[in-house]
Colleague: 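Sending over a structure as structure tokens; questions will come in a sec.
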Amino acid sequence: MTSTLNTDQLLVDDATWWRQATVYQIYPRSFADANGDGIGDLRGIISRVPYLQGLGIDAVWLSPFYPSALADGGYDVADYRDVDPRIGTLDEFDEMVEALHGAGIRVIADIVPNHSSDDHVWFQEALAAEPGSPERARYIFRDGLGADGSEPPADWTSMFGEPAWTRVPDGQWYLHLFAKEQPDFNWDNEDVREDFRKTLRFWSDRGVDGFRIDVAHGLTKELGESLPSQAEIDAITEPGAHPLWDRDEVHEIYADWRKVFDEYTPPRIAVAEAWVSTPRRPKYASAEGLGQAFNFDLLEADFDAEQFRTIIADNLALSAASGSSTTWVFSNHDVVRHATRYALPPRNGSTVKQGLKWLLSGGTKPVADAELGLRRARAATLLMLGLPGSAYLYQGEELGLPEVADIPAAERQDPAFFRNPGVDMGRDGCRVPLPWTRAGSSFGFGPDGAHLPQPASFGELSVEAQDGAPGSTLELYRAALALRHELQAAETLEWVRSPSDVLHFARPGGWHVVTNFGTDAVPLPDGEVLLASGPLAGNLLPGATTAWIRTV
Ligand code: GLC
């Protein structure tokens with residue numbers, strides 16, 4: 001099978017395009033709305049292809065666009081091989097792929113294999129079928145405990161804070177590690193395995209270049225006869241010993257998928273969303289498996305030179321050892337936007353789990369200093385775009401959008417908000433529809449309103465307001481991405497000695513990246529300043545600023 005890429009900017013047989021690619025995440029329902037129903041759609045994306053091309057990205061990753069009741073923003077998939085009619089049609093999908101490919105932009109689709117929607121035909125069949133039936137065997141059904149089975153099979157808590165087992169009318173219970181509308185698949189079941197192979201081929205045949213694998217560390221579970229309690233599970237620290245997450249058997253599935261990816265030219269790529277400890281990550285990124293894995297370490301770090309230095313060095317060593325390239329990301333649809341995060345007090349090295357809770361808590365109060373947050377975000381991004389490996393950007397960060405903190409409860413959508421009243425603000429604040437124009441009922445998002453309320457400040461942050469404006473965040477991203485294409489060479493980096501608050505590294509070809517994490521200005525290294533994330537003070541680099549310098 002050959003790829004349908006039809007642009008001379010891309011080589012059809014380039015199997016390594018992903019290694020240092022810049023991938024832009026589109027959350028389709030909030031990107032651009034062409035039909036005026038307040039929900040972004042594929043026609044909206046098609047209409048913005050010139051914008052994406054002008055930005056200088058290499059690929060887009062589309063969060064789920066499949067039919068869904070939106071119990072979890074589309075990550076509750078009712079049909080893996082179709083498009084939500086509110087978002088478009090399969091024909092429009094083909095048109096979108098063609099338009100993106102024509103602009104030299106690859107397409108990555110989001111695959112959600114840990115769970116389906118409870119609207120999925122298989123789950124509906126499972127509900128209609130008897131306990132013990134083949135239909136139920138595609139999910140994880142169990143009898144309850146107690147004389148009448150009215151106690152759940154275990155006291156587990158789901159990721160959104162509710163009990164992880166829900167009872168069905170005939171008395172059995174099913175497992176859902178996320179919302180109750182997201183029943184977990186049973187990956188020991190061959191129907192499930194075969195269906196996902198079919199899905200991967202379905203989208204690959206339509207020209208999709210790769211896949212982002214949702215909750216890639218879920219899928220396989222070790223569920224014996226008697227289930228451990230939540231407290232027992234929480235006490236497990238030995239890598240690979242957790243019954244629900246990051247089990248070694250999951251890699252058999254990805255080895256199988258690799259065969260599917262390799263049926264295509266170039267092979268389809270995949271990136272794992274696996275919230276696992278750093279040493280466990282290479283397995284997901286191995287060439288025999290998915291090939292690449294998200295590295296969320298920088299996303300979880302404070303704006304701090306030492307934390308950044310350690311994370312960068314560790315991850316480059318790790319990726320060199322696994323043969324993959326590393327990935328960098330600051331923002332996505334699950335976390336508080338980094339322009340806001342960097343305005344908050346530092347977390348002082350709390351653990352991944354605490355960090356995640358903090359990030360998902362939508363903790364935008366107190367927003368100490370929004371201007372400082374944006375300055376740091378721009379500096380961090382310019383540093384990231386100078387690193388070897390691939391960079392994942394999230395729609396709207398190129399506009400410096402902040403997290404929208406004050407969405408009224410009645411207008412919120414995220415289950416994380418509703419299931420943890422007063423504790424978790426949920427993720428709607430980073431999913432607010434993009435502002436394209438200074439004015440208009442939805443700032444140009446669509447001809448009518450937007451499905452989440454946009455703040456008045458979005459007008460001045462709109463594409464229209466920033467387009468061509470010297471020093472705007474949009475122009476910074478455009479300039480950085482254009483230069484990155486020009487400068488990107490071998491995936492190597494050399495540290496240059498610098499004061500403790502400053503990170504300085506050199507890439508092949510005399511490309512230097514210097515970030516001042518502190519507050520006092522420091523001397524810039526000699527050379528031509530190619531780009532800076534903020535104003536320079538003569539030949540001094542002010543605090544919270546990054547500069548790219550060419551020395552040859
Ligand atoms: C991933 C997605 C998140 C979703 C969850 C369940 O973490 O990024 O948005 O809620 O999986 O599918």
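Numbering starts at 1 and runs along the sequence shown. Every number for a ligand or one of its atoms is a count from 1 in the order of the listing.
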Colleague: Among D314, N315, L318, which one satisfies side chain to side chain contact (heavy atoms under 4.5 Å, CB included) with T326?
Modeller: N315
Colleague: Starting from atom 9 (O) of ligand 1, find the nearest protein heavy-atom neighbour and note its residue, name and distance.
Modeller: D334 OD1, 2.7 Å
Colleague: Ignoring hydrogens and geometry, is there a side-chain-to-backbone donor-acceptor pair from S116 to H120 under 3.5 Å?
Modeller: no
Colleague: Write out the residue and atom name of the closest protein heavy atom to atom 5 (C) of ligand 1, then the distance separating them to 0.1 Å.
Modeller: F178 CE2, 3.8 Å
Colleague: Out of the candidates F65, Y264, F261, only one should pair with W203 under the ring pair (Phe, Tyr, Trp, His ring centres under 6.0 Å) rule; please name it.
Modeller: F65
Colleague: With a distance cut-off below 6.0 Å to the six-membered ring centre and an angular limit of 45° from the axis, does R138 pair with W122 as a cation-pi contact?
Modeller: yes
Colleague: Decide whether an N or O pair under 3.5 Å exists between D72 and ligand 1.
Modeller: yes
Colleague: Using a 4.0 Å heavy-atom threshold (strictly under), name the region of R427 that reaches ligand 1: side chain, backbone, both or neither.
Modeller: side chain
Colleague: Provide the number and element of each atom of ligand 1 under 4.0 Å from a heavy atom of R431.
Modeller: 9 (O)
Colleague: I need the nearest protein heavy-atom contact for atom 1 (C) of ligand 1: residue, atom name and distance, please.
Modeller: D214 OD1, 2.7 Å
Colleague: How far apart are the closest heavy atoms of I269 and W17, and which atoms are they?
Modeller: CG1-CZ2, 3.7 Å
Colleague: If you take all heavy atoms of W187 and W257, which pair is closest and at what distance?
Modeller: CH2-CZ2, 3.7 Å
Colleague: For ligand 1, which atoms sit closer than 4.0 Å to a heavy atom of V215?
Modeller: 1 (C), 11 (O)
Colleague: What pair of heavy atoms forms the shortest contact from L387 to R484, and how long is it?
Modeller: O-NH1, 3.4 Å
Colleague: At less than 4.0 angstrom from any non-hydrogen atom of H333, what atoms of ligand 1 do you find?
Modeller: 2 (C), 3 (C), 8 (O), 9 (O)
Colleague: What are the atoms of ligand 1, with element, lying closer than 4.0 Å to any heavy atom of E273?
Modeller: 1 (C), 7 (O), 8 (O)
Colleague: Could you tell me whether ligand 1 has any atom less than 4.0 Å away from a heavy atom of F160?
Modeller: yes
Colleague: If only side-chain N and O atoms count, and only distance matters, is there a donor-acceptor pair under 3.5 Å linking Y392 with T22?
Modeller: no
Colleague: Would you please determine whether H115 falls within less than 4.0 Å of ligand 1 on a heavy-atom basis?
Modeller: yes
